[in-house]
Amino acid sequence: MQIVRQLGPLREALAAFRQAGSTIGLVPTMGALHAGHIRLIEAAKGQCDAVVASIFVNPAQFGVGEDLDAYPRQETADATLLDAAGVALLWAPAVDQIYPPGYATNVSVRGVSEGLCGGARPGHFDGVATVVAKLFNQVRPDAAFFGEKDFQQLAVIRRMARDLDFTHDIVGVPTVRDPDGLALSSRNAYLTPEQRASAVALPEAMQEAAEAIAAGGNIVSILTEARARLLAAGFHKIDYLELRDAETLAFQNVFTRPARLFAAAHIGKTRLIDNIPVS
Ligand code: PAF
């Protein structure tokens with residue numbers, strides 16, 4: 001696996017892939033890789049000849065007081081995993097390769113970026129859309145792969161790609177979970193063993209609520225009960241627990257298919273997010 005940090009060598013390596021007739025799959029990440037990322041690589045390998053993974057901890061998508069400095073950085077271990085998974089090239093840009101001196105451009109996606117994580121983390125999706133647009137232009141992939149765990153992020157990226165005429169496929173890959181149901185996340189590394197044991201209440205409460213909503217129950221009381229369950233389990237703040245349209249992400253107070261349940265809640269110093277279909 002080649003490891004490339006500057007745009008010139010990236011362009012040369014990509015030209016060589018294309019000259020050899022290879023299609024290119026891009027898997028953007030912020031590192032601290034886990035089995036969920038490897039599932040993205042596998043999906044990319046299934047659809048493209050050469051897989052390019054990127055690792056860039058993007059300052060623009062962290063708000064003031066968020067975990068930018070503490071965000072886990074482990075490039076050597078990540079590179080070993082990516083190499084073993086069959087990645088052809090790791091794009092690990094220096095900051096000035098993404099944000100050159102004087103950088104002044106922002107990509108902002110209205111609508112789908114509002115509410116949910118967009119409400120709780122102002123500016124977050126501008127940072128995501130901006131860096132992903134940059135990565136798309138730098139790599140010009142045939143397909144790009146993102147986890148459904150960040151379902152709103154996926155919706156923002158799909159909207160941005162349609163609006164800015166990126167024509168490659170945007171592929172959503174189902175969430176990978178631990179055997180007890182907790183969605184894999186780089187931030188799970190922050191959890192103490194006690195918090196990790198309590199965190200399972202999140203997927204459990206969501207699953208029960210999703211089933212009760214699909215069975216025709218009262219949405220407000222079901223979600224109130226689910227919130228109480230999370231607080232009793234040790235979560236101390238719930239940013240949101242909401243039913244939304246699975247395509248437009250519009251708020252639903254009447255259950256209408258296709259729907260999805262979205263949650264973000266804090267346990268200890270860690271903010272966990274999850275989403276599941278309500279069918
Ligand atoms: O999902 C992530 O890891 C990041 O938000 C992404 C898409 C790599 C952009 O920085």
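Bear in mind that the values here come from a model prediction, so they are computed numbers and not experimental data. Numbering of ligands and ligand atoms starts at 1, following listing order.
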So for atom CD, which belongs to Glu225, do other residues, nucleotides or ligands contribute more than 12 heavy atoms lying within a distance under 6.0 Å? no

Looking only at side chains, do Gln61 and Asp126 share a donor and an acceptor under 3.5 Å apart? no

Sub-4.0 Å atoms of ligand 1 with respect to non-hydrogen atoms of Gln61: 4 (C), 5 (O), 9 (C), 10 (O)

Is Arg260 close enough and on-axis enough to Phe151, meaning under 6.0 Å and within 45°, for cation-pi? yes

Any donor and acceptor pair, going by atom type alone, linking the side chain of Tyr71 with main-chain N or O of Arg73 inside 3.5 Å? no

Using a 4.0 Å heavy-atom cut-off, say whether Ile157 meets ligand 1 through its side chain, its backbone, both or neither. neither

For Gln153, the ligand 1 atoms whose distance to one of its heavy atoms is below 4.0 Å: 1 (O), 2 (C), 4 (C), 5 (O), 7 (C)

Any N or O of Asn58 closer than 3.5 Å to N or O of ligand 1: no

Between Phe262 and Tyr240, is the ring-ring contact (aromatic ring centres under 6.0 Å, His included) condition met? List the steps. CA-CA 7 Å; Phe262 291 84; Tyr240 57 81; 7.3 Å; no

Should Thr29 be counted as touching ligand 1, given the test is an N or O pair under 3.5 Å? no

Short side-chain donor-acceptor distance under 3.5 Å, Asn58 and Tyr99: yes

Heavy-atom contacts with Val131 under 4.0 Å: which atoms of ligand 1 show up? List them by number with element. 9 (C), 10 (O)

Considering only heavy atoms of Pro28, which atoms of ligand 1 have at least one such atom less than 4.0 Å away? 8 (C)

